[in-house]
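Shown below is the structure under consideration.
Residue numbers begin at 1 in each chain, while the letters A, B, ... track the order of the sequences. In this text, all values refer to a predicted model and were calculated from it rather than measured experimentally.
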Amino acid sequence: MPRIKSLEDLKKIKENAKDLTSARSEGKTRVVIGMGTCGIAAGARKVMDAVLAELEKRGLHDVTVETTGCIGMCQQEPLLDVIRAGQGRITYGKVEPEDVPRIIADHVVNGTIVQDKVIGRAD
Amino acid sequence: MALYRAHVLVCGGTGCVSSGSEGVLTALKERIAAKKLDNEVMVVPTGCHGMCEMGPIVVVYPEGVFYCRVTPEDAQEIVEEHLFKGRRVERLLYKESETLKGVPNYKDIPFYSKQVRVALRNCGYINPDNIEEYIVRDGYAALTKVLTEMQPADVIAEVKTSGLRGRGGGGFPTGLKWEFCARAAGDKKYVICNADEGDPGAFMDRSILEGDPHAILEGLLIGGYAMGADEAYIYCRAEYPLAIKRLQRAIEQAKEYGLLGDNILDSGFSFDVHIKEGAGAFVCGEETALMASIEGQRGMPRPRPPFPANKGLWAKPTNINNVETWANVPTIIRNGGAWYAAMGTEKSKGTKVFALTGKINHTGLVEVPMGLTIREVVFDLGGGILGGKKFKAVQIGGPSGGCLTEEHLDLPISYESLTAAGAIMGSGGLVVMDEETCMVDVAKFFLEFTQAESCGKCVPCREGTKQMLLMLNKITSGEGTLEDLDTLEELALMVKEMSLCGLGQTAPNPVLTTLRYFRDEYEAHIVEKRCPAGACSALLRYIIDPERCRRCGLCAKACPVSCISGDRQTPYVIDQDKCIKCGACYEKCPFDAIDRR
């Protein structure tokens, strides 16, 4: 039982429990995965699993993962968007689960866009 | 800990529970599990979101999409469409009243966009049964700050700076009250949380207790430290079973985490909290009656002085504040008194929670900065009058408050402005009335309540309210005289002046304000034997207009006492002697041939 004895203890509990409400706060980097029928057929589910696994592995609490419907570029599915403050909305196409760690590490964490997978950009 | 990409918040306040949110919660969990999303989507039961009339309410994060009136049958669609495929379920969105366009986001709904939530900051956002969610929201940080960095006098100074005043109705400066208790001689002191919310139409305290119980505990702890008390009582009416359950759970958790009990945070400060269930007597919201009730005596007030700060519970120095006051304390300490004082008006600082009820579109709870006008609260946040009818009056402060009219709509809400207009802030009940409300009937309703709740200890309240009620009954049954109005006013002022406690001192307010602003309605009842709003059934007449009557006979069939006669040749007629004024014929007539006068 975590008895709180000091400010540090309280902070520790707060840090550990962050995930409890992290999805509810705003102003964070967003990863959006296309989950229309086209996306699902192209394997978006596996991409989603890979994203969640990678975020958990890296202990990233300040990233939200959202789903969205078909946006019309079905031939490029699975689609994955990263929306990072100051960089607009970057859309990656034909994302494979293997691409996910690279996108998370380079773009989500470090802000370097993974150019070879980018198919669109909106500000 | 697994990472949950989406959180589905299901309101578990009493309002939403009674409209079926528990079934929604179960259905959502089932559907999520069936779709194998239970490792990535979390379902969280929360406290009240405030928009009770739109319940059961479900909010989906991270997008912050707000769904209303969700049924268990909708769970399938929310899970399939929104959580799995990322498509909002448009038909469940909140609809803007004018354009009927769906408003997807929580924060864009007008009901929420004008609110400033301090006391309600966690209500509807966290799971009240989980102390860790409270801690993530900076919970117990204020307690830690107080115990490690501040002297008791510093805490009191901070509360004084904030300008916080008692949110239970009295409006006494909280910091000053704390100082009296801190200075009182004695080594044993108590702090009490008054959760005996009993006004008809008020539920702000219940929502805070249900939605954020740890905030109350933290407030009590901070107050206890500041005043040198080591024990607290929460006096909560037994009619709030959910609030009591959540409080008990919160107390257990705080004890597990070492935030209640002996030597908290190794500071040497020890503190314990008890819950006392009240039996629901309105008078027990009065502080001296409340303490008598905790002591096991009959809940009756006693004269003050001595004030509780010097001689309170078991004759020890005691401080009593209500739920909303305590709930503000942790945030004031965390953000500083000056931050709080920056909101509101010159003498009424901070925010106030109001319970909107009556003939208003969005029944529910709102927290707004002091100084907002009644118009903004009723029309902008509350969405205006039900059915597009005309606004007539608003009763502020429950049975102790008064009715304010259209001319007060632009009155900025503060303790002073409301008192000057004849009402009181009270605990924040706001009952809205439309053109079909009879003001004499309203005064009678509230007086019936206070009369029944009078404890009977002092004569003015016991006998005075009784006589006032008899006079109101006389007037609404068409037997009043104009002299009655003067007697009524005289008696009301006497009861107000001479009663022992707040109950009697404020009970005449509804009568006095309606007499002041709606005297013509009283006179219509007396002189014309007519109820202008058509609400007092004894004065009503249902009359069939022979010109308009098409002789269908539906009225005669609907009449439960068979007092309508007629046939295909002769128009139907109501026998006024037998008529019980139920209105069944009026409702039934397809040709609007029946007049109600």
Is chain B contacted by the side chain of A:Thr68, its backbone, both, or neither, given a heavy-atom distance below 4.5 Å?
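Contact with chain B is through both the backbone and side chain of A:Thr68.
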Given heavy-atom pairs under 4.5 angstrom as the criterion, report whether the side chain, backbone, both or neither of A:Leu60 touches chain B.
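Contact with chain B involves the backbone of A:Leu60 alone.
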Taking side chain as everything from C-beta outward and backbone as N, CA, C, O, which of these in B:Ile131 sits under 4.5 Å from a heavy atom of chain A? Side chain, backbone, both or neither.
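It is neither, since no heavy atom gets under 4.5 Å.
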Structural part of B:Tyr134 lying under 4.5 Å from a heavy atom of chain A
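The answer is neither part of B:Tyr134.
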Taking atom OG of A:Ser6 and atom CG of B:Asp266, what is their separation to the nearest 0.5 Å?
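It comes to 8.0 Å.
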Looking at B:His82, B:Arg87, B:Lys85, which one has more heavy-atom pairs under 4.5 Å with chain A than the rest?
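Highest number of pairs under 4.5 Å: B:Lys85.
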With the threshold set at 4.0 Å, does a side-chain nitrogen-carboxylate oxygen contact exist between A:Arg45 and B:Glu40?
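Salt bridge flag = yes for B:Glu40 with A:Arg45.
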Between A:Ile40 and chain B, with a heavy-atom cut-off of 4.5 Å, which part of the residue counts as in contact: side chain, backbone, both or neither?
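Answer is side chain: those atoms of A:Ile40 sit under 4.5 Å from chain B.
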Can you tell me how far apart CG (B:Asn39) and CD (A:Glu56) are? Round to the nearest 0.5 Å.
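Interatomic distance, B:Asn39 CG to A:Glu56 CD, rounded to 0.5 Å: 9.0 Å.
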Can you find a pair of side-chain heavy atoms, one from A:Leu7 and one from B:Thr148, that are under 4.5 Å apart?
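SC-SC contact between A:Leu7 and B:Thr148 ruled out.
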If you count heavy-atom pairs within less than 4.5 Å of chain A, which of B:Asp138, B:Val59, B:Leu143, B:Val60 leads?
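Of the options given, most contacts go to B:Asp138.
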Please look at B:Ile135 and chain A and tell me whether the side chain, the backbone, both or neither of the residue comes under 4.5 angstrom of a heavy atom of that chain.
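Looking at B:Ile135, backbone and side chain both touch chain A.
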Which heavy-atom pair separates A:Leu10 from B:Tyr140 by the least distance, and what is that distance?
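In this case the closest contact between A:Leu10 and B:Tyr140 is CD2-O, 3.5 Å.
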Looking at CD of B:Glu63 and OG1 of A:Thr67, how far apart are the two atoms once the value is rounded to the nearest 0.5 Å?
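If we round to the nearest 0.5 Å, B:Glu63:CD and A:Thr67:OG1 are 6.0 Å apart.
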Grab the two heavy atoms, one from A:Glu66 and one from B:Pro62, that are nearest each other, plus how far apart they are.
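Scanning both residues completely, I find the closest heavy atoms to be CG-CG, 3.4 Å.
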In Å and rounded to the nearest 0.5 Å, what is the OG1 to CD1 distance from B:Thr144 to A:Ile4?
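One gets 7.0 Å once the value is rounded to the nearest 0.5 Å.
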In Å, rounded to the nearest 0.5 Å, how long is the span from CG of B:Leu265 to CZ of A:Arg3?
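Result: 9.5 Å between the selected atoms.
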Specify the closest pair of heavy atoms between A:Ala17 and B:Glu132, including all atoms of both residues, with the distance to one decimal.
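It is CB-OE1, 3.6 Å.
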Please state whether the side chain, the backbone, both or neither of A:Asp9 comes within less than 4.5 Å of a heavy atom of chain B.
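Neither part; nothing is under 4.5 Å.
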Evaluate B:Arg5 against A:Thr64 for side-chain contact (heavy atoms from CB on, under 4.5 Å), listing each step before the verdict.
CA-CA 6 Å; B:Arg5 67 172 167 91; A:Thr64 65; over 6 Å; no
Under the side-chain contact (heavy atoms from CB on, under 4.5 Å) criterion, do B:Tyr257 and A:Ile13 qualify, and how do the steps go?
CA-CA 10 Å; B:Tyr257 281 70; A:Ile13 290 182; 3.6 Å; yes
